[in-house]
Amino acid sequence: MIYNKTTVVIFLLFLVIEVSCERKQAAQFKDEQDIIRLTYWCASNQDEINLAKELVNEWNAEHPKVQVVLQPIPASQSSEEALLAAIAGKTTPDVCSNMWPGAMDDFTSSGGLVRLDQFPDFIEYMQKRMPEELLESFRSPDSHYYQIPWKTNPIMVMYNKKMFREAGIVRPPRTYSEYLAAAEKITKDINGDGRIDRWMGYRDIRPIWWQRLFDYYPLYIAASGGMTLFSGSEIAFANEASVKVFQFFNELYRYGYYPLTTFQGDAFLAEQVATQFTGPWNVIHVENFKPPGFEYGISPIPVPDDYNGPVYTYGDHKNISIFSTTEHPEAAWQFTKFLISAQADLRLLEICSQIPLRKNLTVVPLYHEYFLENPMMMQFAEQAVYTRGVDGSSVLKEIFDAISQEYEICAVYNKRMPQEAVANAAKRAQIIIEWNRK
Amino acid sequence: MKAGFPVNKIKNKTGYLMSLPYILYFCLFIGFPLIFSFILIFHKWNIVTPMQWVGLRNFYRLFHDVQFFTSIRNTLIFLVIHIPLQIVIALFLAVILNQKIKFKGFFRALYFLPVVVSGVVVTILWQQLYAYETGLLNLLLTRLGITKIPWLTDSRWAMPSIAIMATWKNVGLYIVLFLVGLQSIPHYLYEAAEMDGARSLQQFFHITLPALNNTMVLVVILSTIGGFSLFIEPFVMTGGGPMNSTLSAMLYIYNQAFYFGHMGYAATLGFFFALIILIVVLIQKKIVERKD
């Protein structure tokens, strides 16, 4: 009997424990169900992964109900390819922070992105963050916003101060004539073996469309006073500015100031070239790997001799978008606001040395100390106001390809006159537009 | 009869079961893509937006596309340089390696090594060798008092340079094929020729070459098909330049599909290009059969 009583008590005790455990588990399960999970894709370079990790950890700690899972954009030729494949396979993340404005047309026409101006505070929030005119330039043709302007990498000239000093050049060249004159002094055979081993600069001459984003395009924007390839839906690059840029590069290659070769490693840090067209992301790289005694400076993109006015350049903007596959657009928007907060922008500067698209960046006290410690970045930040992006056109790559073909023939190999080359590129671009319109 | 029937049926079932993995593979990775790309020929499609029917417009564009025909011409130029060069070098080395020489195995492995090395790695290495100002080849030429060659930066030199590199990369495979052919030639033929007073060169032209005819056909067809798929070398080394002189048909099709998102047009180019390969291979076959 005693045995039976003990058994009953143990059984009841077990039952009570079991029921309470189940209740606890059910409550936990309910809690789990209440947690919103967002996937966030960042650029796959190490600096941006580090930044994203830090920000995501901070967000997750502060927002237990909205947890973010970080993943760098899958390996591919370009982020755009990976994202297009993800759209096709319906495997897009909730948020992605490496959106190139030039590819927006493909993303929006497929209905792959969330319309951001549906969030009541979007316009107000963005207007507080950045100049209205600049924000306007990211509006899609359907008059809505699908990208959150995040950062810019203004292309400028990075030059080797020691090489300039040795050549008797007192200040970095501002015009084409000054640049060519400096190039004449710098390009030479240093070790006396009869081979040129120091050049003014170096660019990849392969006719690959995106290479032109770092030579022809910034110089075209500068020479034209801030124009892009299109004006509305019409081609606008067939002008005197393009001709002058083609002519300028033609002279650089014709006189051997730029070599027709490929370099292994970094020719700028190896002191084989005196200048390079580059963005702020390169500052960290140069600082980390510069040889002893290496001195460098930053100056604006050279402009035609008769140019007057502010010097614009290509901004190489990268933005943030929310994909329409998200089940939690509101949470994704809140997370995105966190990514572009003032403090997150400071970390963007510190970790990635890239410029946030933010009003009065150089005078806001929060960033003051950073710019004091990094004077090179100050120059990029000041230039950021005078940047232009790319046109959001579905045929942009093809038009850059057409320009690249003619640039190669005219500027690199001197087989065609600049006027004719620019006219040919424009004619080809028109055919491309017509073909894609049908 | 009746008793045997179920056994046959079981055997058939086993056969079908055994070939099922390949049938599945064929349907998924060959059959479906082939049918899908045929459908694409008549459409405009950039992967993300819905397909748009364009009828025969892709063909109209093809026949007006100067760059595509330039890319076909470039591919043919590559073949004209690459195939004879490859056959001569592979045969020459195979004949040497078929002799009684020391370290035969080592040399055979050495020549085969580039075949198994990644194409991209080889291409990047050769890009550095070919560099005009800083490359090793031009450094050697300068030391010998010879003018530097713009290997990859002159439209006349670029495709031959790529053909030389491709020959270096693939020659090991064809050496193996020729070695197999050489080792199957009966030795008594050479003994008889020697007794008749035939010299080495005469033996080569009258015994070795005719006996290698089948191997030669195989080598020509394999290297033709391989040559038509020229892609990695121009993609990495030149991007199709200078002035489109190394733009191969495969590179052009790739650009249309994956850079510019013209999947339908790229499919049209692909089918047209496959037709050209078929015609060339049929002509080659006809010539060789006539010789037989």
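Labels below follow one simple rule: chain letters A, B, ... track the order of the sequence lines, proteins then strands, and each chain is numbered from 1.
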Student: Name the member of B:N244, B:N138, B:T153 that forms the most heavy-atom pairs with chain A at distances under 4.5 Å.
Tutor: B:T153
Student: Are A:R203 and A:D215 ion-paired here, with the side-chain N under 4.0 Å from a carboxylate O?
Tutor: yes
Student: Applying a criterion of heavy atom separation less than 4.5 Å, what residues of residues 403-415 of chain A form contacts with chain B?
Tutor: A:Q405, A:E408, A:I409, A:Y413, A:K415
Student: Are A:F230 and A:F237 an aromatic pair, judged by ring center distance below 6.0 Å?
Tutor: no
Student: Heavy-atom cut-off 4.5 Å, strictly under: side chain, backbone, both or neither for A:I205 against chain B?
Tutor: side chain
Student: Please test A:D391 against A:T228 for side-chain hydrogen bond (donor to acceptor under 3.5 Å, both in side chains), starting from the C-alpha separation and ending with a verdict.
Tutor: CA-CA 7 Å; A:D391 305 278; A:T228 57; 2.8 Å; yes
Student: For B:E233 and B:K169, run salt bridge (charged side-chain N to carboxylate O under 4.0 Å, His left out): C-alpha distance rounded to whole Å, both residues' side-chain angles, the deciding distance at 0.1 Å, then the answer.
Tutor: CA-CA 11 Å; B:E233 294 85 350; B:K169 166 95 175 77; over 6 Å; no
Student: Evaluate ring-ring contact (aromatic ring centres under 6.0 Å, His included) for A:W435 paired with B:Y60, printing each intermediate quantity in order.
Tutor: CA-CA 11 Å; A:W435 168 259; B:Y60 175 82; 7.7 Å; no
Student: Is the backbone of A:Y146 close enough, under 3.5 Å, to the side chain of A:S321 for a donor and an acceptor to pair up by distance?
Tutor: yes
Student: Which class fits the ring pair B:F59 and B:F42: parallel under 30°, tilted 30 to 60°, perpendicular over 60°?
Tutor: tilted
Student: Between B:R156 and B:D154, does any side-chain N to carboxylate O distance fall below 4.0 Å?
Tutor: yes
Student: Using heavy-atom distances under 4.5 Å, tell me whether B:V66 contacts chain A through its side chain, its backbone, both, or neither.
Tutor: neither
Student: Can you tell which part of B:L139 gets under 4.5 Å to a heavy atom of chain A, answering side chain, backbone, both or neither?
Tutor: both
Student: Determine which residues belonging to residues 246-256 of chain A lie within contact range of chain B, meaning some heavy atom pair is under 4.5 Å apart, and list them by number or answer 'none'.
Tutor: none
Student: Among residues 254-262 of chain B, which ones touch chain A with a heavy-atom distance under 4.5 Å?
Tutor: B:Y254, B:F258, B:Y259, B:F260, B:H262
Student: Centre-to-centre under 6.0 Å for B:W126 and B:W151, is that the case here?
Tutor: no
Student: Decide whether a cation-pi geometry holds between B:K148 and B:Y132; the criteria are a distance under 6.0 Å from NZ or CZ to the six-membered ring centre and an angle within 45° of the ring axis.
Tutor: yes
Student: In terms of relative ring orientation, are B:F272 and B:F63 parallel, tilted or perpendicular, with 30° and 60° separating the classes?
Tutor: perpendicular
Student: Report the relative orientation of the aromatic rings in B:F235 and B:F231; use parallel for angles under 30°, tilted for 30 to 60°, perpendicular for over 60°.
Tutor: parallel
Student: Answer with yes or no after comparing the ring centroid distance for B:F273 and B:F228 against a 6.0 Å cut-off, counting only values under it.
Tutor: yes
Student: Partners of B:T167 by side-chain hydrogen bond (donor to acceptor under 3.5 Å, both in side chains), sequence neighbours excluded?
Tutor: B:H82
Student: Locate the shortest heavy-atom distance separating B:Y174 from B:A90; write the atom from each residue and the value.
Tutor: CB-CB, 3.8 Å
